[in-house]
Amino acid sequence: MTGGPFRLLIADDHAVVRAGLRALLDGEPDLAVIAEAGSGEEAVRLAAQLTPDVALMDLRFAGPGSGIDGVEAVRRLAQRAPGVAVVMLTSYAGRADVVRALEAGARGYVLKAGPPEELFQAVRTAAAGSVGLAADVVGELVGQVVSPAQELTAREVEVVRLMAEGHSNRAIAEALFLSEATVKTHLVRIYRKFKVDNRAAAVSEAVRRGLLELT
């Protein structure tokens with residue numbers, strides 16, 4: 001984004017939900033809804049055409065002829081509009097659903113029943129290039145390291161957990177009583193161990209390895 005509000009696309013099969021989300025998001029001075037989609041296919045087409053900063057994507061599109069689900073839409077968007085960050089907005093918080101979405105390339109996962117502030121934070125975090133997960137989702141995923149073979153130290157797991165919540169390096173440093181330089185060192189080690197080069201990929205890999213797991 002080069003200036004102005006973050007441009008958003010809402011994808012949900014219920015018109016009432018879309019209308020409510022539009023009213024909620026448009027009430028924020030730095031957020032602006034530019035389009036709505038009622039299916040996964042329409043979301044992919046509009047996102048590729050309009051290139052919004054963030055697409056809010058329903059996980060499951062219901063009804064006859066509903067076509068692809070939200071995860072498949074994320075996969076297609078990664079090919080057709082890789083610059084669009086996708087935040088899943090759904091009623092489902094199961095670990096399998098979260099893992100599927102993150103592995104497909106989603107940069108956020110928020111529950112429809114959650115507070116608006118979580119939605120706003122997830123959108124802003126995703127637009128900034130990080131991963132934003134709702135607190136309830138993180139609570140479902142965060143667990144302990146179950147095997148030394150998973151490589152990360154306990155401190156590095158704490159860093160990944162806070163990173164999954166969308167915290168900046170400075171916020172992580174304050175939460176763990178570390179210097180920002182130390183946090184950056186932990187991130188370098190995490191990236192090296194996971195063979196990734198960005199925060200989103202690190203969170204996705206941590207979920208895949210079970211470092212962020214059901215409690």
Side-chain angles (χ1 to χ4, degrees), residues 1 4-12 14 17-18 20-37 40 43 47 51-60 69-71 73-75 77-78 81-142 159-172 175 198-207 212:
M1 180 178 138
F6 292 117
R7 301 163 64 250
L8 313 179
L9 164 70
I10 298 173
D12 193 286
H14 293 100
V17 172
R18 296 198 304 271
L21 287 171
R22 176 184 281 271
L24 193 66
L25 294 162
D26 280 343
E28 294 295 294
D30 61 335
L31 306 178
V33 177
I34 62 169
E36 300 177 15
T51 60
D53 297 298
V54 177
L56 281 170
M57 186 77 65
D58 195 7
L59 181 67
R60 303 177 187 177
D69 67 3
V71 173
V74 174
R75 293 194 186 99
L77 275 176
V84 178
V86 180
V87 173
M88 307 304 293
L89 181 61
T90 178
S91 302
Y92 307 96
R95 180 178 184 274
D97 290 325
V98 178
V99 171
R100 285 177 62 234
L102 292 176
E103 289 183 340
R107 287 188 174 274
Y109 201 104
V110 182
L111 300 182
K112 290 179 178 178
E117 290 74 19
E118 284 191 343
L119 173 61
F120 301 152
Q121 180 180 352
V123 168
R124 292 168 180 138
T125 299
S130 296
V131 175
L133 302 178
D136 286 346
V137 174
V138 174
E140 285 292 300
L141 293 174
V142 171
V159 171
V160 170
R161 175 178 62 81
L162 291 170
M163 194 163 54
E165 294 175 352
H167 293 294
S168 65
N169 289 353
R170 176 176 296 181
I172 293 172
N198 62 72
R199 296 164 76 95
V203 171
S204 181
E205 179 66 11
V207 172
L212 302 178

For this session: Mind listing the closest non-hydrogen atom pair of Val87 and Ala126 along with its distance?
Result: CG2-CB, 3.6 Å
For this session: Side-chain contact test, heavy atoms from C-beta onward, threshold under 4.5 Å: evaluate it for Tyr109 versus Leu102 and give yes or no.
Result: no
Exercise. Do Asp58 side-chain atoms and Gly70 backbone N/O form a donor-acceptor pair below 3.5 Å?
Worked result: no
Seminar exercise, completed: Of all heavy-atom pairs linking Pro5 and Leu31, the shortest is CB-N, 3.8 Å
Exercise. Heavy atoms, side chains only, cut-off 4.5 Å: are Val207 and Glu103 in contact?
Worked result: no
Seminar exercise, completed: To the nearest 0.5 Å, atom CD1 of Ile34 lies from atom CZ of Arg22 at 9.5 Å
For this session: With sequence neighbours left out, write down each residue that passes side-chain contact (heavy atoms from CB on, under 4.5 Å) with Thr51, or none if nothing qualifies.
Result: Arg7
Problem set entry | Flag side-chain contact, heavy atom, 4.5 Å: Leu59 against Val71 | yes
Exercise. Leu8 versus Val123: any side-chain heavy-atom pair under 4.5 Å?
Worked result: yes
Exercise. Quick one: are Asp12 and Lys112 in side-chain contact, heavy atoms under 4.5 Å?
Worked result: yes
Exercise. Mind checking whether Asp69 and Arg100 have side chains closer than 4.5 Å, heavy atoms only?
Worked result: yes
For this session: For Arg199 and Gly129, indicate whether the former's side chain and the latter's backbone hold a donor-acceptor pair under 3.5 Å.
Result: no
For this session: Taking the side chain as every heavy atom from C-beta outward, state whether Leu21 and Leu119 have any atom pair closer than 4.5 Å.
Result: yes
Exercise. Does Ile10 reach the side chain of Leu25, with side-chain heavy atoms less than 4.5 Å apart?
Worked result: yes
For this session: State, to 0.1 Å, how close Ala104 and Ala78 come at their nearest heavy-atom pair, and which atoms those are.
Result: O-CB, 4.5 Å
For this session: Before giving the answer on side-chain contact (heavy atoms from CB on, under 4.5 Å), spell out for Leu77 and Met57 the whole-Å C-alpha distance, their side-chain angles and the decisive distance to 0.1 Å.
Result: CA-CA 11 Å; Leu77 275 176; Met57 186 77 65; 3.9 Å; yes
For this session: Test side-chain contact (heavy atoms from CB on, under 4.5 Å) on Val33 and Arg18 and set out the steps.
Result: CA-CA 10 Å; Val33 177; Arg18 296 198 304 271; over 6 Å; no
